[in-house]
Protein chains: 2
Amino acid sequence: MTTRWLSPEEQRAWRAYMAATHLLEDAMDRQLQQDAGMPHLFYSVLANLSEAPERRLRMTDLAETVKITRSRLTYAVTRLERDGLVRREDCRWDKRSSIAVLTDEGMAVLERAAPGHVETVRGTLFDRLTPAQVGQLEEIFTSVARGLQDEAPEAGTGDVPWRRRSSCPSSQPPPASS
Amino acid sequence: MTTRWLSPEEQRAWRAYMAATHLLEDAMDRQLQQDAGMPHLFYSVLANLSEAPERRLRMTDLAETVKITRSRLTYAVTRLERDGLVRREDCRWDKRSSIAVLTDEGMAVLERAAPGHVETVRGTLFDRLTPAQVGQLEEIFTSVARGLQDEAPEAGTGDVPWRRRSSCPSSQPPPASS
DNA sequence: TAGATTTGTTTCAAACTTGAACCAAGAGTC
DNA sequence: GACTCTTGGTTCAAGTTTGAAACAAATCTA
């Protein structure tokens, strides 16, 4: 199969995407390092926790929502825990799992940092887009993310998308599948 | 000024973008590490060099085109040089500069890796987009990149966009501005 | 032209990421 | 219940990134 190279349009799109992505991540990291003393990724961890029921999530689920590896998350949570922004708890129903919980201090830090962060996201991204483009952005990357998602799950296991993950994060025990 | 939070549409777009971006970069890194023994960034360095006149570029210009910091590039080039894919040369016109040159072996490695890389870019991104979306992608990120570009240049210097960079990369001396 | 400033690049230590290996606990099988 | 397989999480060493500091060569200025 001879390679189907990128068309000129695709090339331009790809280059623009990569350039903007590097610049965007740099801007986010700079701002958050400045205002909250942490890289963007760590902020995302806090943000995702803050929206979970009871502000708690199993490590694996958290890694899944943030789209990073478990080991990367382990590092992040260890650091955030050292700083008192997150706490680890054991899961009562599955002794293997550990639950990351956003502490009050973590919530406070998050709330202090959020306005600046949003400001940066606006200034670098949304202020430059028309409402239509916001929609296009969502459509494009939702579809891309979905594609990459459904690929990963250990090769062709007839993986059923609904009913996965026994989820311990809430204070309720799992649905008692017996 | 009370914070203007993101609208639901913007939130969705931002999340989708971040998720897809993490997944995309992971996919690129995995594929290139696998097939070429280097992370995506290093591949980009080689690729950009291969397109420069005489396959050579000043470190600063290279960093600028790849959109990374100079120190990050120093590391990358050092590694690529150790592997014989890139060579450093001194600039005759400006003894401070060093020029990164793509070696024949570097070109060969690049050519071997390119098909797989393009395949990945297609499979993860372009195969999921309509031609219209490719255009939207380009427009959105071109404008974002431009915005972030024009911000960086040391605050409000009446920086003239044309006639910047004395450029030594070619074998010609600079335009003799005297 | 000495002195001050800017520009191009590297260095270095601390921080972060990767991926394979490891450990423990839940599930499935006989 | 012993065996095997899978799942949840961490560990560890090697690799990469960051940002401030250090250098050296150009450029500017009086």
Side-chain angles (χ1 to χ4, degrees), chain A residues 22 25-26 28-30 32-34 37-43 45 57-64 66-83 88-100 153-154 157 159 164-169 173-174 177-178, chain B residues 22 25-26 28-30 32-34 37-45 57-64 66-83 88-100 153-154 157 159 164-169 174 177-178:
Chain A
H22 278 145
E25 257 310 287
D26 274 10
M28 297 300 146
D29 275 332
R30 249 196 318 280
L32 283 168
Q33 195 68 59
Q34 179 76 200
M38 66 180 77
H40 186 198
L41 181 70
F42 290 30
Y43 177 90
V45 168
L57 234 31
R58 285 198 324 162
M59 291 296 282
T60 293
D61 295 337
L62 185 47
E64 166 85 8
V66 185
K67 260 72 189 174
I68 58 175
T69 61
R70 295 197 293 323
S71 105
R72 199 177 176 184
L73 179 62
T74 293
Y75 180 84
V77 166
T78 301
R79 208 266 232 182
L80 291 170
E81 191 169 32
R82 162 171 72 63
D83 295 348
R88 270 187 244 245
E89 283 184 11
D90 291 334
C91 174
R92 261 189 298 173
W93 296 288
D94 185 340
K95 282 173 192 156
R96 291 169 302 181
S97 319
S98 75
I99 316 285
E154 287 70 46
T157 17
D159 198 320
R164 236 190 292 182
R165 205 178 327 302
S166 36
S167 115
C168 162
S177 58
S178 67
Chain B
H22 278 145
E25 257 310 288
D26 275 10
M28 297 300 145
D29 274 333
R30 248 196 317 282
L32 283 168
Q33 195 68 59
Q34 180 76 199
M38 66 180 76
H40 186 197
L41 180 71
F42 290 30
Y43 177 90
S44 298
V45 168
L57 233 31
R58 284 198 326 161
M59 291 298 280
T60 293
D61 295 337
L62 186 47
E64 165 87 7
V66 184
K67 260 71 189 177
I68 58 174
T69 61
R70 295 195 287 317
S71 104
R72 198 177 177 184
L73 179 63
T74 293
Y75 180 83
V77 166
T78 301
R79 208 264 234 182
L80 291 170
E81 191 169 32
R82 161 170 74 61
D83 295 348
R88 269 187 244 244
E89 282 184 12
D90 291 334
C91 174
R92 260 190 300 173
W93 321 113
D94 184 339
K95 281 175 192 152
R96 292 169 302 181
S97 315
S98 75
I99 316 284
E154 287 70 47
T157 17
D159 198 320
R164 236 190 290 182
R165 204 178 329 302
S166 35
S167 116
C168 163
S177 58
S178 68

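Hydrogens, waters and symmetry mates play no part in the numbers below; they use all other heavy atoms, side chains included. Within every chain, numbering begins at 1; the chains are lettered A, B, ... in the order of the sequence lines, protein sequences first and strands thereafter.
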Only counting residues at least two apart or in another chain, list the ones meeting side chain to side chain contact (heavy atoms under 4.5 Å, CB included) with A:Glu89.
A:Arg56, A:Arg87, A:Ile99, A:Val101
Whole angstroms only, please: what is the CD-P distance between A:Gln34 and D:dT18?
16 Å
What residues form a ring pair (Phe, Tyr, Trp, His ring centres under 6.0 Å) with A:His22, not counting sequence neighbours?
none
For B:Asp90, side chain to side chain contact (heavy atoms under 4.5 Å, CB included) partners two or more places apart:
none
Measure from CD on B:Glu25 to P on D:dT16 and round the result to the nearest Å.
14 Å
Under 4.0 angstrom, heavy atoms only, what part of the nucleic acid is A:Thr74 near: base, sugar-phosphate, or nothing?
base
What does nucleotides 18-25 of chain C look like as a protein-contact string, B for base, S for sugar-phosphate only, - for none, at under 4.0 angstrom between heavy atoms?
BB-----B
Regarding A:Leu73, tell me which of base, sugar-phosphate or nothing describes its non-hydrogen contacts under 4.0 Å with the strands shown.
nothing
Got a donor-acceptor contact below 3.5 angstrom from the B:Asp29 side chain to the B:His40 backbone?
yes
Take atom NE2 of A:His40 and atom C1' of D:dT17, then tell me their distance rounded to the nearest Å.
17 Å
Name all residues meeting the side chain to side chain contact (heavy atoms under 4.5 Å, CB included) criterion together with A:Arg30; count only those two or more places apart in sequence or in a different chain, and write none if there are none.
A:Asp26, A:Ala27
Just to be sure I understand the rule, does B:Ile68 reach a base, reach only the sugar-phosphate, or reach nothing, if contact means heavy atoms closer than 4.0 Å?
nothing
Run the side chain to side chain contact (heavy atoms under 4.5 Å, CB included) test against B:Ser71 and tell me which residues pass, sequence neighbours left out.
B:Thr69
On DNA chain C, more 5' by nearest nucleotide between A:Met38 and B:Met59 is B:Met59
Can you check the B:Glu64 CD to C:dT9 C1' distance for me, whole Å?
15 Å
Comparing A:Arg70 with B:Phe42, nearest DNA chain D nucleotide closer to 5' gives the residue A:Arg70
For the pair made of CD in B:Glu89 and P in C:dG8, what is the distance, rounded to whole Å?
19 Å
Distance below 4.0 Å between A:Arg58 side-chain N/O and D:dG8 OP1 or OP2
yes
In whole angstrom, what separates B:Leu80's CG from D:dG15's P?
14 Å
